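Chain A is the first sequence line, chain B the second, and so forth, proteins listed ahead of strands; every chain is numbered from 1. Here the structure is a predicted model, which means the values were calculated and not measured.
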Number of protein chains: 2
Amino acid sequence: MSADVAARRGIPDASVARLPGYLQALTSLAERGISSVSSEELAAAAGVSSAKLRKDLSHLGSYGVRGVGYEVDRLAYEISTALGLTQDWPVAIVGMGNLGRALAAYSGFATRGFNVIALLDRDDSLVGTPVGDLAVRRMGDLDALVRDDRLAIGVIATPADSAQDVADRLVGAGVRSILNFAPCVLDVPSDVMVRKVDMSTELQILAFHEQRRTGELDLTAQSGVEGVVAL
Amino acid sequence: MSADVAARRGIPDASVARLPGYLQALTSLAERGISSVSSEELAAAAGVSSAKLRKDLSHLGSYGVRGVGYEVDRLAYEISTALGLTQDWPVAIVGMGNLGRALAAYSGFATRGFNVIALLDRDDSLVGTPVGDLAVRRMGDLDALVRDDRLAIGVIATPADSAQDVADRLVGAGVRSILNFAPCVLDVPSDVMVRKVDMSTELQILAFHEQRRTGELDLTAQSGVEGVVAL
DNA sequence: ATCTGTGAAACGGTTCACAGCA
DNA sequence: TGCTGTGAACCGTTTCACAGAT
């Protein structure tokens, strides 16, 4: 009755999220002149278990050779194809503060499949300022970018309080994939995909574990105690 | 027989990862003068389902009132305590390239529970350069930072090829929590926690879904076809 | 009447263990 | 023999649905 996930070209989300890591590891292996890997070796390089790696790759097809392993170049090509990186995706970065400028200068974008075609800022006094190879443009240019340059992905690098407004403009212009660096939740239509990157969140998760670790010393003495509340 | 996870103060990883989001939402509500929320409202503000929110909060304790909801300040305090944000965590950023400088200038750190106490770079010619309030220091200062300033969290903002070396030095100095912005896997002892933030990975995940979407048009005509391979 | 807190069911993802192929 | 590809068991997470508190 319900649409079978695997049947409709469906790779599980968790697998998709790991494919870039495999691609990174494969690229690194290729640079070192290695042309063939076992699932064990590639898994170690990507920081996952070999069973997980094999299961992930099985969703793409059968590109390994039993008893031998995977050909590095071939597998890298297949993963690139699965991720849609055989074409270059035009990206626009919105918000030219510290973070936005750092992202604009980041060479990792161009490395694999992405092309920063525009830098935008809501503040018209910044418009025209050169940042790297590009000049800052105004938000109003968004529609033209989507129409003429097939802009597909927007990166929000603004403060939290203008992020929703920027998201609305991106969506209005036809962008349906957003990478959000602002520390807030974006409200977008259900057909728009948002991924969030937030360093405070990551640090807070680290803090949780760090705190647990240092607090452990006091607890080992009296095990089983549950009702200890600090107040 | 096996140690019960929940009994030993164990909050599930998935819940911990969402607590910062709840805290963000609560802070935002508090700023708007709202002092009480239902699980439904808070869940909407944090972008999750209300059932998930309630289950997450239930791991911290019973801080809501049935028939009423949660007191904003109280819940924010409880989550802060659970995350270990009642104390300020000293953080060092390693790598003073574009990204490192942007992170150093990022005000979001100080906002909640973190204090950037040092900026480091392997390149001694950068040592002494002022970046914001701080001057760049040499890697050799790490031991002193851990010993004298209780440095607990290291942020790696170097290129990929020096990230492992930096991680080794951080671990050697006694840092056991690392936030890695370099696009590579770090090899560290099992008691060291690493979290990775990688914008290329995030963009590649977006590209996958974007590609799926545009490819969909061709597939809708002939449903159920599985063996279509682009080669 | 309302909304939290939570067992129980359903789901998705991971790990196991081995059949299948070179 | 060696390593991939995969059904089946397992485990953590999410969702459901309602008992319990105010």
Peer 1: At 4.0 Å (heavy atoms only), tell me whether A/Ser49 reaches a base, stays on the sugar-phosphate, or touches nothing.
Peer 2: sugar-phosphate
Peer 1: Could you say whether A/Val68 or A/Lys55 is positioned toward the 5' end of DNA chain C, judged by the nucleotide with the nearest heavy atom to each?
Peer 2: A/Lys55
Peer 1: Rounding to a whole Å, what distance do you find between B/Leu57:CG and C/dT4:P?
Peer 2: 9 Å
Peer 1: Can you tell me how far the CG atom of B/Leu23 sits from the CG atom of B/Leu19, to the nearest 0.5 Å?
Peer 2: 8.5 Å
Peer 1: Can you say whether a donor on the side chain of A/Arg66 sits under 3.5 Å from an acceptor on the base of D/dT4, or the other way round?
Peer 2: yes
Peer 1: Got a second to check how far B/Asp13's CG is from A/Ile205's CD1, nearest 0.5 Å?
Peer 2: 9.0 Å
Peer 1: Looking only at the side chain of B/Val65 (C-beta and beyond, no hydrogens), which of the listed nucleotides C/dG5, D/dT22, D/dT15 gets closest?
Peer 2: D/dT22
Peer 1: Between C/dT4 and B/Ser39, is there an OP1 or OP2 to side-chain N/O distance shorter than 4.0 Å?
Peer 2: yes
Peer 1: 5'-most contact on DNA chain D: A/Ala51 or A/Gly67, nearest heavy atom basis?
Peer 2: A/Gly67
Peer 1: Please classify the nucleic acid contact of A/Ser15 as base, sugar-phosphate, or nothing, using heavy-atom distances under 4.0 Å.
Peer 2: nothing
Peer 1: In this structure, how many angstroms lie between the C1' atom of C/dA17 and the CZ atom of A/Arg54, rounded?
Peer 2: 10 Å
Peer 1: With a 4.0 Å cut-off, would you call B/Arg169 and B/Asp165 a salt bridge?
Peer 2: yes
Peer 1: Given atom CG of B/Leu53 and atom P of D/dT14, what is their separation to the nearest angstrom?
Peer 2: 12 Å
Peer 1: Find which nucleotide of DNA chain C each of B/Tyr70 and A/Arg18 is nearest to by heavy atoms, and output the residue with the more 5' nucleotide.
Peer 2: B/Tyr70
Peer 1: Quick one: which of D/dT4, D/dT15, C/dG5 gets closest to the side chain of B/Lys52?
Peer 2: D/dT15
Peer 1: For a 4.5 angstrom cut-off between non-hydrogen side-chain atoms, does A/Leu203 reach B/Ile153?
Peer 2: yes
Peer 1: Less than 4.0 angstrom between a side-chain N/O of B/Ser38 and OP1 or OP2 of C/dC3, yes or no?
Peer 2: no
Peer 1: Check the distance between D/dT4's C1' and A/Glu71's CD and give it to me in whole angstrom.
Peer 2: 16 Å
Peer 1: To the nearest Å, give me how far apart CD1 (B/Ile11) and P (D/dT14) are.
Peer 2: 14 Å
Peer 1: Rounded at 0.5 Å granularity, tell me how far OG in B/Ser15 sits from CG in B/Leu60.
Peer 2: 8.0 Å
Peer 1: Rounded to the nearest angstrom, tell me the gap between atom CG in B/Leu60 and atom P in C/dG5.
Peer 2: 10 Å
Peer 1: How long is the line joining OH of B/Tyr63 and P of C/dT6, in whole Å?
Peer 2: 12 Å
Peer 1: Which whole-number value in Å describes the distance from B/Asp13 CG to C/dT14 C1'?
Peer 2: 14 Å
